[in-house]
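Reviewing the structure listed below.
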Amino acid sequence: MAELIVSIQAYCKILLHAVKHPNCAVNGVLLAEDNKSKDRKVLKFVDCVPLFHLTLSLSPMLEAALLQIDAYCKSRGYIIAGYYQANENLRDKELNNVAKTIGRRIQENCANSYIFMVDNERLFPDAVSEMYRIYSPREASWKEEEKLETVTEETLRVASMLLSSQTFREVDVVDFDYHFNDITRDWRNLPINDLLQKCT
Amino acid sequence: MARHISWEEARNHLRRMREDQVRDGQTVVSLWEDVLMSERNKLGDELWTVYEQVCIAALDCQRIDISETCIELLKSKFPNSLRVKRLLGMKYEAEERFHKAGDLYDDIIKEDETNMFARKRKVAILKAQNKTLEAIEELNKYLKQFMTDFEAWMELCDLYLAVQDYTKAAFCMEELIMSNPHNHLYHQKFAEIKYTMGDPDNMAIARTYFAQAIKLNPNSVRSLYGCFLASSNLAASSNRKDKQSNIKYAAWAAQQLKEKYTTVQPEDLTNQTRVLESIERVLESLTEKTSN
């Protein structure tokens, strides 16, 4: 079983994306270091790219986005190795068909990939556990990986602070829905990276 | 959060949000609490519209206290109003008291058969409980009576997409296109659904509708990408007849996209995100296949 590490940047971007659109389902992909030559046992997710908050289940825009992200990844030595999704309803944390389909798609490119299903009920400042459940591919279905700790205390602290200080309301989270409406908007979200640097 | 803006600015901000139908509960609630509440006597008759707006915004942020106050005040001003009654129903929904809310909406419908709002709230109640199939059934019943409600057709389309019934979702979009043939967004969404269905016939239909969307709005990056990808898929899989034309379409769409990115996007962003390369790669793979 691989050890998974999720960087503060990846974790907080997922958080910010989800809370920016409280009445929508959101999704995105996680980028990991492509460590073919290095230690296979540790998978480090260094960043994430928010995808959509409008319709999640249609293919063309997903493919267009993955095309761009993939090219970007290759230039940086990254690989798309994870997918996150937060469902529309507060109490819905089900790994639904949309997540499974997109998860499979990502697995075609990266066998060792994971789905991160966000539990909306854990998106509040005093939450002590990680906000998602992690699933790994098992033959025809997905199995929940329990008891995985993927983030540091520091990450959870910063995440909590972003929520409690209402900072999340001032931060712009550019996903591909925004990018396709206006291509000057940068889905790498560099300002968020800078903000997180300042928090640690 | 202290706000250093005048009550007129707050009032104007709320007006703009009503006009543009912006959904931002937190902002409305803070504008009300921090600025307008103490100056509410200056609003005149607009006060009642603002109460309604604040009530709904408060429900969106779980500030049930504020919503209850608004509802009480609106009730005393408009005692028999169904419009106020629906706010009470929405409050029950926010508290997850779905049975109570449902009963209240049934009462409204009994009093007024043509009340679209109460009927749609009943669909919302089912959606909130993840009862997607029942929501679809209820919304279908609604649309039999109110078939020109475009918002409802869009919602039904999204519900069908949630259960991956692409055929019926496409049908909803067809209804919308028939009533609004100049709306490029409808053509585009229809094309996206057809594309998602995957087989060559539907892919060809997708390409056609993306092309129509581009005709209606040449600036749509989504439609350009859609046309590019649909044509590429067809070129990669179809027989000789279609292949060359699809490669041409794909190349054309790619050209438009590249031009867009190079003229609109800042140069270093284009370089860093490797957009042009990603498009090139798809094109190259197409022409490789033809030379085999």
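Throughout, a chain's letter reflects where its sequence line sits, starting with A, and its residues are numbered from 1. Computation of the quantities below employed the complete heavy-atom set of this structure, encompassing side-chain atoms and omitting hydrogens, waters and symmetry-equivalent molecules.
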Query raised in the report: By a 4.5 Å heavy-atom criterion (distance strictly below it), what part of B:F228 contacts chain A: side chain, backbone, both, or neither?
Result: neither
Query raised in the report: Nearest heavy-atom pair of A:N97 and B:Q164: which atoms, and what distance?
Result: CB-OE1, 3.1 Å
Requested in this report: State, to 0.1 Å, how close A:P60 and B:L229 come at their nearest heavy-atom pair, and which atoms those are.
Outcome: O-CD1, 3.5 Å
Requested in this report: Flag the one option from A:T184, A:I183, A:L67 with the top tally of heavy-atom pairs under 4.5 Å to chain B.
Outcome: A:I183
Query raised in the report: If we ignore angles and hydrogens, is there a donor and acceptor under 3.5 Å between the side chains of B:Y195 and A:E63?
Result: yes
Query raised in the report: Side chain, backbone, both or neither: which part of A:E88 has an atom under 4.5 Å from a heavy atom of chain B?
Result: side chain
Query raised in the report: Is there a donor-acceptor contact under 3.5 Å linking the side chains of A:Y72 and B:E277?
Result: no
Query raised in the report: So do the side chains of B:N130 and A:R91 get within less than 4.5 Å of each other, counting heavy atoms only?
Result: no
Query raised in the report: Rounded to the nearest 0.5 Å, how far apart are OH of B:Y166 and OG of A:S57?
Result: 5.0 Å
Query raised in the report: Donor-acceptor pair, B:T196 side chain versus A:S59 backbone, under 3.5 Å?
Result: yes
Query raised in the report: If you count heavy-atom pairs under 4.5 Å with chain A, which of B:I279, B:V221, B:L224 comes out on top?
Result: B:V221
Requested in this report: Between chain B and each of A:L62, A:N89, A:L56, count heavy-atom pairs under 4.5 Å; write down the option with the most.
Outcome: A:N89
Query raised in the report: Minimum heavy-atom separation for A:M61 to B:G226, with atom names?
Result: CE-N, 4.2 Å
Query raised in the report: So how far is it from A:L58 CG to B:M197 CE, rounded to the nearest 0.5 Å?
Result: 11.5 Å
Query raised in the report: Roughly how far apart are A:K74 NZ and B:R274 CZ, rounded to 0.5 Å?
Result: 12.0 Å
Query raised in the report: Does a side chain donor of either A:N181 or B:R222 reach within less than 3.5 Å of an acceptor in the other side chain?
Result: yes
Query - Residue among A:N23, A:L90, A:D70, A:T55 with most heavy-atom pairs under 4.5 Å to chain B - result: A:N23
